[in-house]
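The first residue of the sequence shown is numbered 1, and numbering continues consecutively from there.
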Amino acid sequence: MTTAATDVREIKIAHSPDSDDAFMFYGLATNKVRVPGYKFTHTLTDIEALNQRAMTDQYYDVTAISFHAYPYIQENYTLMACGGSVGDSYGPMIVASKSYTLDEVKKLRIAVPGTLTTAYLTLKLFAPEIETVTVEFDKIIPAVVAGEFDAGLIIHEGQLTYARDGLKKILDLGVWWHEQTGLPLPLGGNAIRRSLGSEVQTITTNALRESIQHALDHREAALEYAMQFARDLDTSLANRFVGMYVNERTLNYGDDGREAIRKILDMGYERGIIPNKAHVDFLG
């Protein structure tokens, strides 16, 4: 029995135009993973724009978000238990054209990729007093090279390419966080609209997990698809970057991953960076 077109449920998905997100959603985006009665449509948008939109309306059924944004949207969205990016002793980096001590860098003016990113939250936990200016994430490295900022907080592929632009790593916040807590650094995840109801939420979450597993099982084809979103990376670097952020933790955060998400949001609240306490629940 075929499902009539009118019975097809559209699920609107939004995520970043990055090689790791593209790899993760490869199965769904290319219809290698299908769910009878469901159609998944994809919108690719900068993560900070997705953070902001999830706060103002709930247009997307599933949206990639920075974990930092979750307390602001938790009434309308819950976290999926899969699809997250977690750094095991690596993560966003402070880079600069010249070397600085950690005490010196706290006094600099630094370009950041958005105040709702988890990179920004972690930076403020490290140095609450640091002066920041929001710059689009892919313009941070050029701005630092041009001398517009003393330093920049880089995310995404910039973590692998900053040295080719002559920049130096001042601090890897994933390393700093692990030294402070013994935990991995949770950066971003996928949130699903609460109003969808439990059945649709569960089916959609299972579909995403299947898409991630399909990509991991068909790595070469998934990586080839993801390469169209791999800014300035060759296949070898793109494979390395995808491996950093799409792995077993993307299928399931694990106990320490879930603890880390709760801990970073609690610390942000306790230190006055986040105005409201997060009530973290996971679906699937």
[X], [atom1]: over 12 other non-hydrogen atoms inside 6.0 angstrom:
X	atom1	result
Lys263	NZ	no
Glu104	CD	yes
Glu10	CD	yes

Do [X] and [Y] sit in one hydrophobic cluster, given that two such residues count as connected whenever their side-chain heavy atoms are within less than 4.5 Å of each other, even indirectly?
X	Y	value
Met267	Val86	yes
Leu185	Val246	no
Val133	Val144	yes
Val135	Ile110	no
Ile13	Leu79	no

Please find the pair of heavy atoms, one from [X] and one from [Y], that lie closest to each other, and give the distance.
X	Y	value
Ser66	Asn51	N-OD1, 2.9 Å
Phe40	Val35	CE1-CG2, 3.9 Å
Thr117	His68	O-ND1, 3.1 Å
Ile140	Val112	CD1-C, 3.7 Å
Met227	Ala238	SD-CB, 3.3 Å
Ala96	Ala151	CB-CB, 4.0 Å

Does the [X] side chain pair with the main chain of [Y], one donor and one acceptor, at a distance under 3.5 Å?
X	Y	result
Asn247	Gly243	yes
Arg262	Glu259	no
Asp18	Asp20	no
Asp46	Ser16	no
Glu157	Leu237	no
Gln52	Ala49	no
Thr63	Tyr60	no
Thr205	Gly284	no
Arg109	Glu148	yes

Partners passing ring pair (Phe, Tyr, Trp, His ring centres under 6.0 Å) against [X] (at least two apart in sequence or in another chain):
X	value
Phe25	His15, His42
Tyr90	Tyr245
Phe282	Tyr253

Minimum side-chain heavy-atom gap [X]-[Y] below 4.5 Å:
X	Y	value
Ile274	Leu265	yes
Val280	Phe67	no
Ile212	Cys82	yes
Leu116	Ile47	no
Leu44	Phe229	yes
Val105	Ile94	yes
Asp266	Lys277	yes

What's the verdict on side-chain contact (heavy atoms from CB on, under 4.5 Å) for Gln201 and Glu199, showing C-alpha distance, side-chain angles and the deciding distance?
-> CA-CA 5 Å; Gln201 286 179 329; Glu199 181 182 1; over 6 Å; no

Under the side-chain hydrogen bond (donor to acceptor under 3.5 Å, both in side chains) test, residues paired with Asp256 that sit two or more places apart =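 In terms of side-chain hydrogen bond (donor to acceptor under 3.5 Å, both in side chains), with neighbours along the sequence ignored, Asp256 is linked to Arg249.
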
Contacts of type side-chain hydrogen bond (donor to acceptor under 3.5 Å, both in side chains), residue Gln58, not counting sequence neighbours =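 For Gln58, no residue satisfies side-chain hydrogen bond (donor to acceptor under 3.5 Å, both in side chains) once neighbours in sequence are set aside.
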
Go through the steps to decide whether Ile192 and Asp61 satisfy the test side-chain contact (heavy atoms from CB on, under 4.5 Å), and finish with yes or no.
-> CA-CA 6 Å; Ile192 186 165; Asp61 299 309; 5.6 Å; no

Residue pairs, two or more places apart or on separate chains, that pass side-chain hydrogen bond (donor to acceptor under 3.5 Å, both in side chains) and touch residues 75-85 =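 Matches after skipping sequence neighbours: Thr78-Asp281.
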
Residue pairs fulfilling side-chain hydrogen bond (donor to acceptor under 3.5 Å, both in side chains) with at least one residue in residues 128-142, sequence neighbours excluded =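 Passing the test, one end in residues 128-142: Glu136-Lys139.
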
Can you tell me which residue pairs pass the ring pair (Phe, Tyr, Trp, His ring centres under 6.0 Å) test with a partner in [range], sequence neighbours excluded?
range	answer
residues 127-169	Phe137-His156
residues 95-133	Phe126-Trp176
residues 195-215	Tyr26-His214, His214-His218

Would you call Asp150 and Lys107 a salt bridge, using N to O less than 4.0 angstrom?
->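 Salt bridge between Asp150 and Lys107, a charged N being under 4.0 Å from a carboxylate O: no.
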
Does any donor atom in the side chain of Asn252 or Glu248 lie under 3.5 Å from an acceptor atom in the other side chain?
->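 Side chains of Asn252 and Glu248: no pair found under 3.5 Å.
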
Run the side chain to side chain donor-acceptor pair (under 3.5 Å) check on Glu210 and Asn206 step by step: do they pass?
-> CA-CA 6 Å; Glu210 190 178 341; Asn206 289 341; over 6 Å; no

Going through the checks in order, is the side-chain contact (heavy atoms from CB on, under 4.5 Å) test met by Gln180 and Leu125?
-> CA-CA 11 Å; Gln180 302 298 309; Leu125 290 172; over 6 Å; no

Tell me, please, which residues at least two apart from Ser195 pass side-chain contact (heavy atoms from CB on, under 4.5 Å).
->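 Expected list: Arg193.
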
side-chain contact (heavy atoms from CB on, under 4.5 Å) between Ile11 and Val200: does it pass, once the steps are laid out?
-> CA-CA 9 Å; Ile11 299 294; Val200 176; 3.8 Å; yes

Hey, can you pull the donor-acceptor pairs under 3.5 Å for the side chains in residues 167-175, sequence neighbours left out?
unit_1	atom_1	unit_2	atom_2	d
Asp172	OD1	Gly91	N	3.0
Asp172	OD1	Gly174	N	2.8
Asp172	OD1	Val175	N	3.4

